[in-house]
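Only one structure is covered here, and it is reproduced in the block below.
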Amino acid sequence: MRAILRTLLPAARRAPDEPRRTPRARRQHNLFEAAATYVTGCVEDDQERIDEAAGWVSPEALSFGVNELACRAVIALARERDESPETVARSLLGLPEA
């Protein structure tokens with residue numbers, strides 16, 4: 001019976017510990033990948049990269065991801081500089097201290 005199944009079903013022909021292969025028509029990207037690629041594209045003035053990343057997720061998800069990236073970047077810089085996040089954010093935007 002197993003021999004018949006192996007000839008009829010391609011999945012039955014593979015070894016039990018061999019990983020399953022799924023067709024990859026289009027890889028799904030999460031919103032953080034999209035945000036990182038989008039921001040990198042903006043920094044490098046790469047419109048093609050910006051457009052590609054913008055197509056991976058909805059505009060709302062991309063906005064959330066970019067916001068989250070900005071928050072994490074400001075927090076990381078604030079810790080590195082031993083300053084408050086507000087001071088770092090204002091400095092990055094060229095604003096006077098509050």
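Position 1 is the first residue of the sequence, and the numbers go up from there.
Grouping Ile, Leu, Val, Met, Phe, Trp and Tyr by side-chain contacts under 4.5 Å, direct or through others, puts L93 with L95.
Around atom CD of Q47, more than 12 heavy atoms belonging to other residues, nucleotides or ligands sit under 6.0 Å away. A 6.0 Å sphere centred on CD of E97 holds no more than 12 heavy atoms belonging to other residues, nucleotides or ligands.
Expressed to the nearest 0.5 Å, how far NE2 of H29 lies from CD of E52 amounts to 6.5 Å. Note: R72 CZ to E68 CD = 4.5 Å, rounded to the nearest 0.5 Å. Separation of atoms CZ (R49) and CG (D51) is listed at 12.5 Å; rounding is to 0.5 Å.
Follow the hydrophobic side-chain contacts under 4.5 Å out from F64 and you reach L69 in the same cluster.
Taking T87 as the reference, S84 meet the side chain to side chain donor-acceptor pair (under 3.5 Å) condition, with sequence neighbours excluded.
Side-chain atoms of L77 and E80, non-hydrogen and from C-beta on, do get closer than 4.5 Å to each other.
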With a cut-off of 3.5 Å and sequence neighbours excluded, list every side-chain donor-acceptor pair involving residues 32-40.
| residue | atom | partner | partner atom | Å |
| --- | --- | --- | --- | --- |
| E33 | OE1 | N30 | N | 3.0 |
| E33 | OE2 | R27 | NH2 | 2.8 |
| T37 | OG1 | E33 | O | 3.0 |
| T40 | OG1 | A36 | O | 2.7 |

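Residue R81 comes nearest to L92 through the heavy atom pair NH2-CD2, 4.4 Å, listed as atom of the first residue, atom of the second, then distance.
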